[in-house]
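Note on naming: letters A, B, ... go to the chains in the order of the sequence lines (proteins, then strands), and numbering restarts at 1 for each one.
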Amino acid sequence: MSAHGNAVDPKKAVLWDTEYHGHDVISTRSLGFFLYLLSDGMIFATLFAAYGVLSYSHNYFGGPTPSQFVHPWYTFTQTVSLFLSVLAYGMGMAAMKNRNRGGLISGLLGALVLGVVFLALDVHDMAVLAGQGITVATSAGASAFIVLTQVHAAHIFFGLIWILVMIAQVSSRGFTTDTVGRLLSLRMFWHLQAIIWVFVYVFVYLWGYMS
Amino acid sequence: MLVQLPGGWNPLLGRLALDQIPYDNPILAPLFVAVVVGTILLFGLITYYRKWGYLWKEWLTTVDHKKLGVMYIIIGLVMLFRGFIDGLMIRTQQVWANGPHSSGVFGALHGYLTPFHFGQVYSAHGLIMILLAATPLLVGFMNIIVPIQIGARDMAYPYLNALGLWITAAAAVLIMISLFVGDFAHNGWFGYAPIFELQYSPGVGVDYWIWTLQLTALGTTLGGINLLVTIIKMRAPGMTWFRLPIFVWTSLSANIIALTSFPALQVALGLVAADRYLGSHFFTAGFGGNLMLYTNLFWIWGHPEVYFVILPAFGMMSEIFPTFSEKPLFGYVTMVAASFAIAGVSWMVWLHHFFTMGAGPQVNSFFSVATMLVGIPTGVKVFNWAFTMYRGRITYSAAMLWAIGALFMLLVGGMTGMMLAIPAINYMVHNSVFVIAHFHSMLLVIVYAIFGSVIFWFPKVFGFRLDEYWAKVMFWLFTAGSALVFVPMYMLGFMGMTRRLDYVFNPAWHPYLEVMEVGIAVYCLSVLAFVVLLYVSIRDRVKNRAGADAWGTARSLEWLAHSPVPFYNFAVTPHVNARDELAWRREHGMDALEPERYVDIHMPSNTGMALYIGALTFVLGFGLTWRIWWLSLLSLAAIILLMIIRSFRGDDGYIITGAELERMEKEALRNRAQADGKYVSGGRGQVAGTAIAYGRNGASMGGDPFNSSRDGI
Ligand code: HEM
Ligand SMILES: [Cu+2]
C-alpha cells in the first residue's frame, strides 16, 4: 500500500465528475435533524442527572416529597394521550405513503388535539401543585421535579406549533421535498418526546411515588 | 416578579436605568466615547464610499461558507484583541498593586482597578478568549476549509451556517455592550456556586454572563451539526473515509464533542438562570441546593470543550507540517485513531478540575488515571508530527514556524497537565497561577496553530500570500512575549501565588510580575507587527499573487481549486483518487488538467433572514438580562415567526449555466497563469533561511513516500 490510501491506477483515473449531482436532500436534512435530536437527548440526560442528584431526602429541605404530591394515575392519562398522539401521527404518515393528503391532515389534527390534551393536563397538574404551595421555590427537589417536567412540556408546546405549521403547509402545497422532509423530521421529534416521556413517567412519577 | 430584586424595576425598561451607565468611570467613559466616535466614523466611511449595497449583498446576507468563515475569523480576531486588552489590564493591575506600599488610583486602594472591576475583567477575559476568540476562529477555519477539502460546493445547510454566525455575533455584541450598560459577572469564566446566585450577585453582570454563554452555545451547536452532516454527506465521489485530510477528521471529532457536550453547558446555565429568575434552588446554599452539582455540570461540558478547541488546531498542524516537509503525514491512520481517542477520553476526565472537592481516593484515582490516558494519543500525535518532519525537506516558512511553535507549546502544556493530573500535586497547586500557566500553554497551541493557518490558507481565500518577513517578525515577537509572560507564571505558581488576585501581597514576587509586564509589552509589539503584516501584504498583493497551489508543495484537495476560491468552489466536482489528492495528481503530472466540459450547477440564494434572527437573539439576550419581559417575549415571538415565514418561503436557489461557468473558469485560469510558479518551497524563492534537504531514501519507507514533485522547477 502506498502512502496514498489505496490510490487508483493513474492511467485509468477519473479526474472530474461532470454528472455528479450530490446528496439526496431529504436524507441529508433528516441526518442533521437526527443529530440535533441527539443534542436534545443530552439536554434531558443532563436534567435527569440533576434530578437524580437532587432527589435525596435532604434536597426537599423538610418540604413535601414526590411521594406526597405526584399522582401516577392522573399522570397516566397524560401518558395515554401522548402515546395516542404519536399513534395518530404515525397513521397520518402511513396515509402519506399512499399520497393521501386528507388522511395525513386528519392524522396531524388528531396528534395536535391529543397533544393539547397532554399539555392541558400538565398545566392543570402544575396549577394544583402551586395551589398546594409546591413551586420551584419550595426546595431544590421540587425545583428539579418542576424544571424537568416543564422542559419536556415546553418541547411538546413547540412541537404543537410545528404540527400546526405542517398542517398549513401540506394543505397549501401538498407533498413536496420540503414538506415531506419536514414531516419526517417532525416524526422523529415527536417520537423522541414520547420516549423521553417514558423516562419521565417511570423515574419521576412512578419512582417518586414509591420512594 | 418571581424573585425579590434589589433596586428598581419597571415594566417598560425592566432594571435598565440611567445610573446603570458607568459615565463616571475613568476607564470606561473615554472608551465609550472612542467606540461611539469610531462607529460613527466607520458608518460615515461606508456611506461616503457607497459601500452599503456591497456590504449587504456580498457579506451581510451571504450564505457562502467562505465568506461566513471569514466573518467568523474577523469576529474571532476582534474578540482576541478585546481579550488581550483584558489580559493587559490584569497584568498591569497585579504588577502595580503589589505589596502594602503600592499606590492606588481611581478609587482603588491598590492599583487602578477596584476588586469588583478586576473581577469583571478576568471573568470577561476567560469567557471571551475561549468562547468568542478561539471558538469562532476555529469554526471559521472549519467553515472555509472543510467543504473545499472534501470537494463540496458548500456546507450541507448554508442558511443554518449563516444563522450560526449571526448568533455568535449577537453573543459578541452582548458581551461588548456589558462594558457600557450595567456591569459584567465577577464570578470567573466558569462561575462559582453560590456566588452567582441573586442573593450574592444582585446586579445584571451574571445575567450578561449567562446569556452570552447561552448564545455562543447555541451558535456552536448549530455550526457543529452543519459540519458533521457536511462531512458525512457532502464528500466528492472517491473521497472515501480514509482519504479524508486530517483536518477534516479532527473537525469531525471536535464537532462530535461539541454536539454532545454543549447541551450540558446549556442545562447548567439554564439552571442558574432558573435560580436567578424563577427563584428555584438548584445551586443555592439553603433549601437543599447542591453547590457541587453546578461545578460538575459545568466541567462535564468544560473539559470536552477544551478538546473541542484543541482538536481542530491539531488538524491545522497536520496540514502545515507535511506541506513544508514535502512528505506525506506520518502515521495517517494512527492520527485518525488518536483524534477519536482524545475525543472519547475527554468525556471521562472532568473531575480533574476539582480534585480538591474531596470525593475520596477512589474517585480521584479514577479521574487521575483517565486524565493521564489522554497523554497517550496526544503523544502519538506529537511523534507523528516529529516523524513527518524527520528526513523531510523542511522549509522554515512563517506558517511552518507557527506550527513548530505550537508543537513546543503542546509539549510544555501537556507535561504540566500531566503534573496537574496527579491529585497529590494538584492539591498543592490547584487554583494557583501554575494552573493558569498550564492552560495558557495549551490555549497558545491553538493561537499558534491559528496564526499558522491564517498564513497558510490566506492565499486560498484571498488569492495572495501574506508577507513572509513580517509574518516571521510577528512570530518571534509573539514567542518572546509568551516566554516572558508564562515562564515566570509557572515559577510564581510554584511559589504559591494564587489566581485572580486583585492585590498581590508578597513584594518578593515583584521581579517576576515585572518580567511578565515586559512580556505584555512585547505582545503589544506583536499585535503591531500583525497590523503591519496586513498592511504590507495588501500593499504588495499583486506581487504576492498565488496560484492554485500557493506553496508549490501542498497536498490536499483545497489546493486544486483556484486561488481565490470562486464562490462555487469547483466548477466541476473533482473525482478523488488518492489520499493527498493534489500531491498524487502532481506526481502523475495531472495537476494542471482541467475539466473538458461544464454543466449547470445549483447554488443557494442569499437571504437576510439569518441576520434578522441573529439580531433578534441579541435583543432577546438583552431583554432577559435586564428583565424587560415584554421585549423578551416579543423578540422570542418574532424569532419563531421569522422561522415559520422562512419555512414557507423555502429556498429554491439559482442555477449557474455551464456557459457562464466556462467563462468564469477561463478567466480564473488566465489569472492563475500569471501567478503560478512565483513561490517555490525548498529554500528558493522568497523564503528566508536554508532548507534542510536530507538525502532521500525512498526505498526505506516502501513505495515512493516522498513524492515531492517540484513543479515549476
Ligand atoms: C495532556 C492533556 C491535559 C491534561 C493532562 C490536563 C490537565 C489539567 C488539569 C488536571 C487541570 C486542573 C487544574 C486545577 O484546576 O487544579 C487542568 C486545567 C485546565 N486545562 Fe488542562 N489538561 C490537558 C490539556 C488541556 C488542553 C488541551 C486544554 C485547552 C486547550 C486545557 C485547558 C485547561 C483549562 C482551561 C484549565 C483550567 C480552567 C480553569 O480552572 O479556569 N488543558 N488541566
Ligand atoms: Cu480538563
Distance (rounded to the nearest 0.5 Å) between [X] [atom1] and [Y] [atom2]:
X: L35(A); Y: L222(B); atom1: CG; atom2: CG; answer: 12.0 Å
X: S143(A); Y: F287(B); atom1: OG; atom2: CZ; answer: 10.0 Å
X: T179(A); Y: F648(B); atom1: OG1; atom2: CZ; answer: 10.5 Å

Between [X] and chain A, which part of the residue has a heavy atom less than 4.5 Å away: side chain, backbone, both or neither?
X: T221(B); value: side chain
X: Y332(B); value: neither
X: S261(B); value: neither
X: R597(B); value: both
X: I300(B); value: neither
X: L160(B); value: neither

Check whether any side-chain heavy atom of [X] sits under 4.5 Å from a side-chain heavy atom of [Y], and report yes or no.
X: L31(A); Y: L228(B); value: no
X: T260(B); Y: L38(A); value: no
X: F61(A); Y: H281(B); value: no
X: L271(B); Y: L47(A); value: yes
X: Q266(B); Y: S39(A); value: no
X: F282(B); Y: L54(A); value: yes
X: F158(A); Y: I640(B); value: yes

Over 12 non-hydrogen atoms of neighbours within 6.0 angstrom of [atom1] in [X]:
X: F175(A); atom1: CZ; result: yes
X: F203(A); atom1: CZ; result: no
X: H124(A); atom1: NE2; result: no
X: Y74(A); atom1: OH; result: yes
X: Y209(A); atom1: OH; result: no
X: W347(B); atom1: CH2; result: yes
X: Y201(A); atom1: OH; result: yes
X: Q199(B); atom1: CD; result: no

Which bit of [X] comes within less than 4.5 Å of chain B, counting heavy atoms only: side chain, backbone, both or neither?
X: V14(A); result: both
X: R29(A); result: both
X: T138(A); result: backbone
X: I161(A); result: side chain
X: Y36(A); result: both
X: F34(A); result: neither
X: D178(A); result: side chain

Looking at [options], which makes the most heavy-atom pairs under 4.5 Å with chain A?
options: G650(B), A236(B), A264(B), G289(B); answer: A264(B)
options: G238(B), S280(B), P595(B), G658(B); answer: P595(B)
options: P237(B), A152(B), A571(B), G589(B); answer: P237(B)
options: N290(B), L259(B), V599(B); answer: L259(B)

Handout entry: Backbone N/O of G288(B) and side chain of N59(A): donor-acceptor pair under 3.5 Å
Key =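 Checking the backbone N and O of G288(B) against the side chain of N59(A), a donor-acceptor pair under 3.5 Å is found.
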Problem - Backbone N/O of T18(A) and side chain of Y598(B): donor-acceptor pair under 3.5 Å - result: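 Flag not set: sc Y598(B) to bb T18(A) has no pair under 3.5 Å.
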Handout entry: With L15(A), the side-chain contact (heavy atoms from CB on, under 4.5 Å) member among E594(B), E596(B), M590(B)
Key =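 Only match with L15(A) under side-chain contact (heavy atoms from CB on, under 4.5 Å): M590(B).
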Closest non-hydrogen atom pair between [X] and [Y], with its separation:
X: S647(B); Y: Q169(A); answer: OG-NE2, 2.7 Å
X: V229(B); Y: G32(A); answer: CG2-CA, 3.4 Å
X: V572(B); Y: W16(A); answer: O-CE3, 3.3 Å

Exercise for the section: Would you please test F33(A) and I225(B) for side-chain contact (heavy atoms from CB on, under 4.5 Å) and show each step? Expected result: CA-CA 8 Å; F33(A) 195 75; I225(B) 293 176; over 6 Å; no
Problem - Check against side-chain contact (heavy atoms from CB on, under 4.5 Å), F262(B) and M42(A) - result: CA-CA 9 Å; F262(B) 269 93; M42(A) 285 302 300; over 6 Å; no
